[in-house]
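Take a look at the structure below.
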Amino acid sequence: MNKKNCIAMILAGGQGSRLGVLTKKVAKPAVQFGGKYRIIDFPLTNCTQSGIDTVGILTQYKPLELNTYIGNGQAWDLDVSDGGVFILPPYMREKEGEWYKGTANAIYQNMEFIDKFNPDHVLILSGDHIYKMDYNKMLQAHKKNNADCTIAMIPVPMSEASRFGIVACDETGRITSFEEKPKQPKSNTASMGIYIFKWEALKRELTLDEQNKESQNDFGKNIIPKMLNDGQRLFGYGFTGYWKDVGTVESLWQANMDVLNGDEFDLDDDEWPILSKSTLMSPHFIADSAIVEDSLITEGCYINGTIKHSIIFDGVTVEKGAIVEDSVLLSGAHIHSGAKVVKAIVGDGAHVGANTIVGQGTNKDHISHYCSGGVSLVGPNVELGDNLSFAPDSMIVDSIKGGTK
Amino acid sequence: MIDTMGVILTSHNDSGFGEITRMRSVAAIPFAGRYRLIDFVLSSMVNSGIINVGVATEYNFQSLMDHLGSGKPWGLARKKYGLTFLPPFAKSSTNDGDEHMKSLYSILHYIKRSQQKYIIVADCNNVCNLHFEAIVAEHKESGADLTVVYQKQPVAKHGTYIAVDGDKVQSIVASKDCVGESNRLVGYYVFTKDLLINTLERFQLLGKKYFIGDLINTYIEKHDVRGYCFEGYLATIEDINDYYNVSMQLMDSSVRKSLFIGENRILTKVMDRVPTKYLGKASVKNSMIADGCVINGKVENSILFRGVVVEEGAVIKDSIVMQNSVISANVRIGACIIDKDCIIRKDKELVGQPNFPIVVGKHRTI
């Protein structure tokens with residue numbers, strides 16, 4: 001095998017538990033986004049566009065859907081003979097095996113894999129962010145600085161800064177302090193959880209970290225602070241542009257709405273097309289009674305109702321007289337006649353029965369702490385009967401039989 | 001269907017298509033918003049489990065080659081077999097026969113080299129999603145030397161018809177001798193391969209020229225030829241009017257259902273276009289819309305291919321607009337076929353008739 005300059009490792013093991021019923025059966029990176037994509041498409045597209053042709057995807061939580069989606073990587077041009085995309089679940093060793101304990105441990109358990117490619121540098125990515133980024137530019141900066149580790153940074157709203165690793169750099173870009181999730185953040189310059197390490201440095205640190213029984217085996221909490229303490233060369237790489245962690249139902253909905261508004265985050269970019277696995281359906285069909293405005297619609301849909309300011313995934317049916325506003329309908333969702341869906345995410349394969357109201361109704365039994373900002377969520381494959389009514393902030397997890405009018 | 005190979009003959013007479021085949025062969029004509037005509041037969045073969053498909057070409061095949069590539073979208077980028085692109089032999093003289101016979105003679109070496117026992121020889125100009133498995137199974141069971149697929153259709157001038165007795169094919173019947181409905185050959189033939197090779201080798205020496213007149217006729221006279229009546233949706237596109245009319249049939253939900261709904265998808269080259277964006281002034285009714293369009297005008301009874309832009313105030317009715325064309329503000333279009341990469345500038349009006357659609361060729365600006 002040829003020696004690689006840089007390979008990427010995507011941490012895709014997170015459960016994404018704050019997405020409620022959306023991640024009940026799938027890992028967060030497999031969650032759908034933007035009309036025809038899944039979250040994992042964004043880092044994978046970035047890799048391909050940045051000239052990285054070897055990618056390991058570390059999974060451990062509900063990996064089946066993600067695995068079948070990735071397949072042989074063809075959709076991202078990663079079905080190459082000398083590299084490609086590899087799904088890396090935890091596995092048994094001679095004496096024992098264990099789950100990935102933390103982000104650093106996940107990479108530690110796959111050191112042999114990385115060594116097979118003998119790369120100079122390793123790019124560590126997280127599988128749950130929406131953004132377009134040229135990693136090659138970051139790699140060039142990393143090399144120019146002769147850095148042991150380069151951390152991508154972005155300004156975040158001060159109010160949210162305590163959720164992130166907060167970075168401070170000197171005038172040369174060298175990192176002077178790094179605090180993981182500080183209670184009192186000193187600035188709003190946050191780590192994006194994107195790191196490029198010299199492989200020999202990372203390998204050494206991972207081995208040492210594994211021997212430290214106190215360590216939580218986490219990049220932000222352990223590896224980075226220790227390297228900084230040791231006086232190693234850590235540099236910041238400033239990124240500007242759209243970057244969103246879609247960790248909650250509301251932020252996922254908001255990020256979808258950002259796509260609709262276009263100026264915030266433009267998917268229709270000839271230079272940087274987002275690659276995804278096609279569902280291979282026919283073009284969508286807009287029937288006689290349909291009204292469609294300010295929306296995104298993709299292949300395989302049949303639309304005969306009213307759709308305003310919404311994102312419609314593949315294979316969705318919206319019957320005559322149904323109204324969908326400010327919503328996201330995931331693959332194969334079916335909105336029956338006269339139903340109304342407002343400010344909601346409707347899971348894949350879910351049915352909203354005739355004249356049922358989601359997101360603007362009266363029944364408050366399903367209001368959930370997973371939902372906020374008035375955004376409702378109907379779980380995947382949930383079947384809602386006719387004439388039901390759900391208040392904003394509802395999360396509907398199980399099928400419900402129809403009511404009476 | 002490891003024992004069956006497929007050959008698609010793309011050397012189809014394009015004289016009836018005018019402008020839309022100026023830059024491409026009939027097989028590569030864009031259809032239904034995101035496909036090319038060849039996708040239907042190719043996908044039908046692949047979905048039937050065929051892993052060895054040869055595509056025989058005659059001329060103008062650049063666009064087709066670009067579309068098919070290595071055969072990856074159809075799962076035919078394989079080590080053994082897969083998709084074989086068969087360009088014509090330069091040495092074949094024009095007197096060798098009709099398009100089909102010329103192609104068969106020139107790909108004989110490929111047919112002989114393949115190990116499959118059966119071969120499907122197929123035309124490229126049908127819009128249909130069918131299972132060859134059932135047809136090949138009947139062919140095997142009957143022990144026939146050739147099974148032809150036919151459909152009961154109203155008689156049309158282009159068609160070739162057959163007389164059948166049960167499943168036995170008795171003779172070819174000229175369209176002028178048919179009235180009302182008759183059994184039209186749809187251009188799918190299942191041969192037992194060894195006999196086909198022998199026959200073609202002999203015919204080449206004898207200088208036989210015609211696919212129907214010589215080959216099929218000889219088979220009917222000398223061998224066991226059966227008919228398979230296909231009852232699903234199938235539309236044959238012989239000229240630009242067929243193209244327009246069959247495209248408009250896509251507005252019928254039963255037609256869309258038989259072509260696109262179900263387990264067997266029509267496969268095509270994937271372009272990673274974004275979902276189509278509907279803006280505030282969009283008004284779309286009864287139309288088929290592919291991905292990557294930006295729509296801010298009125299679209300009715302029409303088909304928009306990938307990446308079409310419809311600006312504010314533009315009105316498109318009963319039309320087909322192909323990939324990446326731009327319909328500017330306040331343009332009115334009726335019964336038009338606008339080929340790829342066209343720009344119709346502001347305020348223009350182009351109105352054809354359904355039986356005489358206006359065709360705007362590729363890369364034109366109006």
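Reminder, nothing fancy here: chain letters follow the sequence lines and each chain counts from 1.
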Check: Given that the side chain runs from C-beta out, which part of S253(B) has a heavy atom under 4.5 Å from chain A: side chain, backbone, both or neither?
Finding: neither

Check: For V284(B), is it the side chain, the backbone, both or neither that has a heavy atom under 4.5 Å from a heavy atom of chain A?
Finding: both

Next item on the list: Measure distances from L250(B) to the heavy atoms of chain A and classify the residue's part below 4.5 Å as side chain, backbone, both or neither.
Entry: backbone

Check: By a 4.5 Å heavy-atom criterion (distance strictly below it), what part of K281(B) contacts chain A: side chain, backbone, both, or neither?
Finding: neither

Margin query: With heavy-atom distances below 4.5 Å as the criterion, would you say the side chains of Y278(B) and I286(A) are in contact?
Written below: yes

Checklist line | Side chain, backbone, both or neither of M251(B) within contact of chain A (heavy atoms, under 4.5 Å) | finding: both

Check: Is any side-chain N of the basic residue among K277(B) and D268(A) closer than 4.0 Å to the acidic one's carboxylate O?
Finding: no

Check: Of the backbone (N, CA, C, O) and the side chain (C-beta and beyond), which part of Y35(B) lies under 4.5 Å from a heavy atom of chain A, both, or neither?
Finding: side chain

Notebook entry, point to check: Is chain A contacted by the side chain of A282(B), its backbone, both, or neither, given a heavy-atom distance below 4.5 Å?
Noted result: both

Check: Which region of F260(B), side chain (C-beta onward) or backbone (N, CA, C, O), has a non-hydrogen atom less than 4.5 Å from a non-hydrogen atom of chain A, or is it both or neither?
Finding: side chain

Margin query: Ignoring hydrogens, what is the shortest heavy-atom contact between I291(A) and K285(B)? Give both atom names and the distance.
Written below: CG1-NZ, 4.3 Å

Item checked: Per-residue contact mode, R256(B) against chain A (heavy atom under 4.5 angstrom) -> side chain

Note to self: For K36(A) versus R273(B), what's the shortest heavy-atom pair and its separation?
What the structure shows: NZ-O, 2.7 Å

